There are 2 protein chains.
Amino acid sequence: MDKDKLSERKERILKAVVDEYIKSASPVSSGEIQQKHFNEISSATIRSEMSALEDMGYLIQPHTSAGRIPSKKAYKLYVDKFMVKLPLRRKEIELINASFKSRFDGIEEIVKRAAKVISDVTNYTSVIVLSNINRVKIKRIKLVDLDSRSALVIIITDSGIIRDKIITLSATINPIYIEDANNLLNKIFEGKTVAEIKQADEIINTELKDFKELYENIVAILLSYEEDKNSSVIIEGASKMLDHPEYDLDTTRNILSVIDKKERIAELIEENQDIEFTVRIGKDEALDKCAIVTAKYKINGKEIGHAGVIGPERMDYSKVVSVLNYVGKTLEEISHGGKDDKYDKLK
Amino acid sequence: MDKDKLSERKERILKAVVDEYIKSASPVSSGEIQQKHFNEISSATIRSEMSALEDMGYLIQPHTSAGRIPSKKAYKLYVDKFMVKLPLRRKEIELINASFKSRFDGIEEIVKRAAKVISDVTNYTSVIVLSNINRVKIKRIKLVDLDSRSALVIIITDSGIIRDKIITLSATINPIYIEDANNLLNKIFEGKTVAEIKQADEIINTELKDFKELYENIVAILLSYEEDKNSSVIIEGASKMLDHPEYDLDTTRNILSVIDKKERIAELIEENQDIEFTVRIGKDEALDKCAIVTAKYKINGKEIGHAGVIGPERMDYSKVVSVLNYVGKTLEEISHGGKDDKYDKLK
DNA sequence: TGTTAGCAGTCATAATCTTAGAGTGCTAAA
DNA sequence: TTTAGCACTCTAAGATTATGACTGCTAACA
């Protein structure tokens, strides 16, 4: 369409309407816009401009005698064109930095903190989905004896995520067994992705001999990570969903029940994996009235997952994007200063 | 008081009122009680009995022309005297059992599953608070090298909880260092509680020599567990709080914000540590309108934490207690069949 | 041609009033 | 002690009215 070219004045008015609506959550009238943003022209003029914007699909009138609210189309334009990355306040920056000062955290704990601080600073619900272990390479596997029949398997991925599980074997475990096993395991698993391991299943079987049970246990562990999305989804501040005046009890209930089903949220957050930043508005049945802003997070240059913020369509996109951005950068810095990427110096 | 002795009929009527109110969430009238529970006597008689029960503080009339609802006092009596542990349904038992079939879970994952299934079966919000590591004995500490400057510290407690953290040291780590360190660490930490370690701080300092930095790191890790209650509190089904008709939006918001602050919930759940089962009704400012049922959970005979269910005062106590009970028993059984308590067979 | 003041028309929201009926308390009789 | 009967109370729901916030349109003006 050609009509989609907005005059500069229309753009300014539209931006003003979105800004006001983000603040007030109630329909914006021509008078309000005139008072707060356009002292130079009359409300009648603004009225006719807004009427035109409505015809173009950018504004919606809930009823004849109400002001207007932005449409999804308006939000999209707003995000693309008008949104500025405003610098965070000193207090907010301090809060974020303070969250990451602890030295001892593994990646999963860092990520939990990230989720918490994103939610705290933005005042929206935040979600972090850790990358599927399927696509991640195994850097090293380590077996540690616990007692004569059980051992701890430690899996270190190239993104630095460390997971461990206890396994129980029918064979007796002694130091020699552990050493042999460790050598063999690393030979088999090092540098492979879970997907590759699944395929290689048959071929390897011959090499294994005494370690067949162990091998099968470890593969089962890897597969179990794949299955349960649950444990790789971190949600913080879900109760903040109650603070948005545009949602009635029913809507809130629906939204929260979707969020509770972590699988669905994981899919939504992980969509568009190749784009650095996404804003999605009302894409899902129950999340019809929600906007989701997502970002890809890296540590050590490796993607570790996606972070998302869920809120009403009229969310404070500028702030959310700024916070996601700053937290993302902070995460990358942590990895530089903290533990480094030298696992491969050992064999 | 002497008046507190209820006649048998009063007791039966009171129980009937509580039962009905649990079902319907709306004031119970004398007629309703007469129809459903007391065909032999008239509603007028029940009316006068209910009036007496009101005088005694067991029932409350929201307004003159309404039925009556139970008071906190009534709920307490109900829980103490009338509640029966009804057997769970086959479906519910199957659901619970299915949650625990996986072989590979460490204690924390088992506990997460427990929280989830408790919430799913009862339809209330569930909370599990893992025992403060302070009171738990350290069974063994293990150091595993990751690269030349960092290592993984694995802490095994006598209740079988395993935690690990990465530490980075200024000294270079080699196999000999690791072995020496492991020996020393176990000499120092084995069988001690965190509280004891804090006190022993000075005395040990002399023995340490080259391992001082390592020691301090590990103590710092132990202390950090003590600090953040956050990571030892698991909440499931918080959104179910929205399903209770007696809560308006504001009340729900308050309750959920208390639940979000995990520290406060942890305190509530951990109160009365010596009692096997507790029902607490409206003990807290924001949780004034809530009841909390808690149980102590053990694995391998060692207390691992407390589980709690949070809901409205009129919650289905029978069911909640039954579920908590059954899940508790299941947990104890897991530990018998699964990995056993033989860590001490190694030195 | 774009802008503006003025004014009638619309419609939601709030306030007020009305009504229906659910449930009680009391009384008097069994 | 129990019960039927009835007057009384009070909420919840529905109907009615009033208010006022906005708009859209028109006509005049730059």
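Residue numbers begin at 1 in each chain, while the letters A, B, ... track the order of the sequences. As the structure is a prediction and not an experimental result, all values here were calculated from the model.
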Q: Specify the separation, in whole Å, of atom CG of A:Leu59 and atom P of D:dG24.
A: 11 Å

Q | Whole angstrom value for the distance that separates P of D:dT3 from CD1 of B:Ile46 | A |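 My rounded result for the distance is 9 Å.
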
Q.
Counting the atoms with a prime plus P, OP1 and OP2 as sugar-phosphate, which does A:Glu40 contact under 4.0 Å by heavy atoms, base, sugar-phosphate, or nothing?
A.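 If one applies the 4.0 Å heavy-atom cut-off, A:Glu40 turns out to touch the sugar-phosphate alone, with no base involved.
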
Q: Could you state the atom-to-atom distance from CD of B:Gln61 to P of C:dA22 in whole Å?
A: 17 Å

Q | First of B:Thr64 and A:Gly67 reached from the 5' end of DNA chain D, by closest nucleotide | A |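 Residue closer to the 5' terminus by nearest nucleotide: B:Thr64.
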
**Q.** Side-chain ion pair, B:Glu94 and B:Lys91, N-O less than 4.0 Å
**A.** no

Q.
On the side chain of A:Ser65, is there an atom forming a donor-acceptor pair with the base of C:dC11 - under 3.5 Å, no angle test?
A.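 Indeed there is one.
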
Q: Considering only NZ, NE, NH1 and NH2 on the basic side and carboxylate oxygens on the acidic side, decide whether B:Lys240 and B:Asp243 come within less than 4.0 Å.
A: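 No, no charged N to carboxylate O under 4.0 Å.
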
Q: Please confirm whether any donor atom in the side chain of B:Arg47 sits under 3.5 Å from an acceptor in the base of C:dG25, or the reverse.
A: yes

Q | D:dT1 phosphate, OP1 or OP2, under 4.0 Å from B:Arg9 side-chain N/O | A |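 No, B:Arg9 has no side-chain N/O under 4.0 Å of OP1/OP2 on D:dT1.
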
Q) Any side-chain N or O of A:Ser30 under 4.0 Å from OP1/OP2 of D:dC22? A)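 For D:dC22, OP1/OP2 do not have a side-chain N/O of A:Ser30 under 4.0 Å.
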
**Q.** Straight-line distance of B:Glu40 CD to B:Thr45 OG1, nearest 0.5 Å
**A.** 10.0 Å

**Q.** B:Lys112/B:Glu236 under salt bridge (charged side-chain N to carboxylate O under 4.0 Å, His left out): CA gap, chis, key distance, verdict
**A.** CA-CA 8 Å; B:Lys112 269 189 199 170; B:Glu236 279 288 346; over 6 Å; no

Q) Of the nucleotides C:dG23, C:dT4, D:dT3, which has the atom closest to the A:Ile41 side chain? A) C:dT4

(Q) Output the rounded distance in Å from CD1 (B:Ile60) to C1' (C:dG23). (A)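 Taking atom C1' of C:dG23 as the reference, CD1 of B:Ile60 is at 17 Å.
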
Q.
Nearest whole Å is fine: how far is C:dT4 P from A:Glu49 CD?
A. 11 Å

Q) Which whole-number value in Å describes the distance from B:His63 NE2 to D:dC10 P? A)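 About 9 Å, once rounded to whole Å.
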
Q.
Please report the distance, rounded to the nearest Å, between CD in B:Glu54 and C1' in C:dG25.
A. 11 Å

Q: State plainly whether the residues A:Asp120 and A:Lys116 are in salt-bridge range, i.e. N to O under 4.0 Å.
A: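 Looking at A:Asp120 and A:Lys116, the cut-off is met.
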
**Q.** Rounded interatomic separation in angstrom, taking CD from B:Glu32 and P from C:dG23
**A.**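 So the two atoms are 7 Å apart, to the nearest Å.
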
